[in-house]
Amino acid sequence: MTYQEWKGLPVIDSVTGSLWGYAGRLLLDSHGRAAYIVVQPQSWPEPARAVAASETAAAPGRLITRGREGIPSAEIARALACVDLDAMVGRSLLSAAGDDYGTAEDFLLEAGTWAVTGIRIHGGGIIAAQRVRAWGQDVIILSAVEEAAPPQEAPSPSPAKTAPPPEAGELVTTFIDSGEQAVISLPEKPPAPPDQGTAVVLEDVKKPLPPIVGGRVVADVKDEAGRLIARSGDRVTEGMIRQAQQAGRVVALTASVVMDG
């Protein structure tokens with residue numbers, strides 16, 4: 001069962017058979033185990049109550065409590081020190097190395113215990129809950145990439161529906177179970193490919209050499225990165241011309257050469 005299917009299940013008192021309300025939110029401990037179930041009342045102004053997950057049992061299409069009073073709404077804030085699974089929907093999934101696995105769309109729950117067994121990624125694919133290293137307020141931190149590769153079967157998420165990939169630098173998140181903050185260094189992005197709308201023309205290194213071998217260079221010639229190809233006063237060699245061809249600077253080299261005699 002998924003978390004979204006779990007929400008809304010009726011919660012029945014096993015002693016009186018009365019309806020307490022409906023499963024509204026699931027609160028986890030730091031290990032992903034169900035800690036509390038927040039029961040939404042049947043009608044306003046009844047307060048919401050948080051029931052210890054250990055005091056409930058699963059039944060077909062409903063949850064059964066053991067007839068104990070739930071934590072009143074005034075004390076639910078104490079229970080919310082746990083991980084609120086509602087707040088985790090839409091959170092980014094990152095490894096400590098900064099690898100982006102997408103965003104959490106839903107959670108798979110173990111029948112009866114309601115422990116999280118997997119995370120469904122927006123756009124497709126599932127990550128096992130064992131990979132969760134920490135539940136943060138901003139992100140869900142996964143174990144290292146070498147321990148398990150990103151799911152290959154997941155199609156590329158639509159850019160319009162997913163969060164942008166993390167920028168290089170430092171990301172600060174607070175771990176919910178301890179309240180401590182951690183800084184995660186995200187690696188630099190690989191350089192973007194050249195704009196497909198811009199033609200990049202390189203000289204063909206197999207073209208015949210221009211007739212400037214032995215000529216004298218009268219002005220420095222550099223490539224686009226500023227590396228020197230030919231220095232003023234040098235005599236042109238075949239190797240110099242090949243280097244200029246590779247850098248697309250043959251025209252500039254030819255224009256800077258004078259032939260003696």
Side-chain angles (χ1 to χ4, degrees), residues 1-93 102-122 124-142 173-179:
M1 176 180 290
T2 69
Y3 178 55
Q4 300 302 332
E5 294 168 341
W6 176 90
K7 292 178 67 174
L9 289 177
V11 180
I12 307 297
D13 189 316
S14 63
V15 175
T16 65
S18 60
L19 175 66
W20 273 26
Y22 301 91
R25 283 159 32 230
L26 186 61
L27 310 180
L28 309 179
D29 63 18
S30 59
H31 301 289
R33 297 179 297 234
Y36 295 96
I37 295 170
V38 177
V39 181
Q40 298 298 331
Q42 300 182 64
S43 60
W44 188 86
E46 292 182 54
R49 290 186 283 185
V51 183
S54 60
E55 299 295 325
T56 66
R62 62 190 185 277
L63 303 177
I64 304 295
T65 75
R66 296 182 181 177
R68 300 190 182 185
E69 292 294 329
I71 300 172
S73 58
E75 299 181 28
I76 287 181
R78 178 166 58 87
L80 290 179
C82 300
V83 178
D84 186 346
L85 210 55
D86 253 18
M88 294 294 104
V89 176
R91 289 289 184 260
S92 295
L93 300 162
T103 57
E105 181 180 63
D106 204 350
F107 301 89
L108 305 184
L109 304 180
E110 183 178 60
T113 68
W114 312 122
V116 175
T117 60
I119 303 174
R120 179 171 291 167
I121 305 171
H122 182 79
I126 294 173
I127 289 180
Q130 290 86 343
R131 293 227 28 220
V132 176
R133 183 172 175 180
W135 302 88
Q137 289 181 344
D138 304 305
V139 294
I140 300 173
I141 308 300
L142 304 177
T173 187
T174 302
F175 295 149
I176 295 177
D177 58 319
S178 63

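When side chains are defined from C-beta on, Arg33 does not count as touching Leu28, because their heavy atoms never get closer than 4.5 Å. At a threshold of 4.5 Å between non-hydrogen side-chain atoms, the residues Val139 and Leu93 do not count as touching. Proximity of Val51 to Trp20: side-chain heavy atoms (C-beta onward) are separated by under 4.5 Å at one or more points. By the 4.5 Å heavy-atom criterion applied to side chains, Leu108 and Ile126 are counted as neighbours.
With sequence neighbours left out, Phe107 forms a ring pair (Phe, Tyr, Trp, His ring centres under 6.0 Å) with no residue at all. Residues that satisfy the salt bridge (charged side-chain N to carboxylate O under 4.0 Å, His left out) test with Arg62, not counting sequence neighbours, are absent from this structure. For Glu110, the side chain to side chain donor-acceptor pair (under 3.5 Å) test picks out Thr113, with sequence neighbours left out.
In this structure, Glu5 contributes its side chain and Thr2 its backbone to a donor-acceptor pair below 3.5 Å. Of the possible polar contacts, one joining the Asp106 side chain to the Gln4 backbone as a donor-acceptor pair under 3.5 Å is found. One N or O on the side chain of Ser14 and one on the backbone of Thr65 form a donor-acceptor pair closer than 3.5 Å.
When all heavy atoms of Leu109 and Thr117 are compared, the closest pair comes out as N-OG1, 4.2 Å. The two residues Ala35 and Asp29 have their closest heavy-atom pair at CB-N, 4.0 Å. Residues Ile119 and Ala104 share a closest heavy-atom pair of CG2-CB, 3.8 Å. Nearest heavy atom pair, residue Tyr22 against residue Gly8, reads CD2-O, 3.4 Å. Smallest separation of non-hydrogen atoms from Gln40 and Gly24: CG-CA, 3.7 Å. In this structure, Val38 and Ala48 approach most closely via the heavy-atom pair CG1-CB, 4.4 Å.
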Would you please test Met1 and Leu9 for side chain to side chain contact (heavy atoms under 4.5 Å, CB included) and show each step? CA-CA 12 Å; Met1 176 180 290; Leu9 289 177; 4.1 Å; yes

Worked verdict on Ile37 versus Leu27 for side chain to side chain contact (heavy atoms under 4.5 Å, CB included): CA-CA 6 Å; Ile37 295 170; Leu27 310 180; over 6 Å; no

Mind running side chain to side chain contact (heavy atoms under 4.5 Å, CB included) on Leu26 and Trp6 for me, showing each step along the way? CA-CA 9 Å; Leu26 186 61; Trp6 176 90; 3.9 Å; yes

How far apart are the C-alpha atoms of Tyr3 and Arg120, what are their side-chain angles, what is the distance that settles it, and do they pass the side chain to side chain contact (heavy atoms under 4.5 Å, CB included) test? CA-CA 10 Å; Tyr3 178 55; Arg120 179 171 291 167; over 6 Å; no

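The side chain to side chain contact (heavy atoms under 4.5 Å, CB included) test with Val116 singles out one residue from Val83, Val132, Leu85, and that residue is Leu85.
Here the CZ atom belonging to Arg131 is positioned 5.0 Å from the CG atom belonging to Leu142, to the nearest 0.5 angstrom. Atoms CD1 and OG1, from Ile140 and Thr103 in turn, are 9.5 Å apart once rounded to the nearest 0.5 Å.
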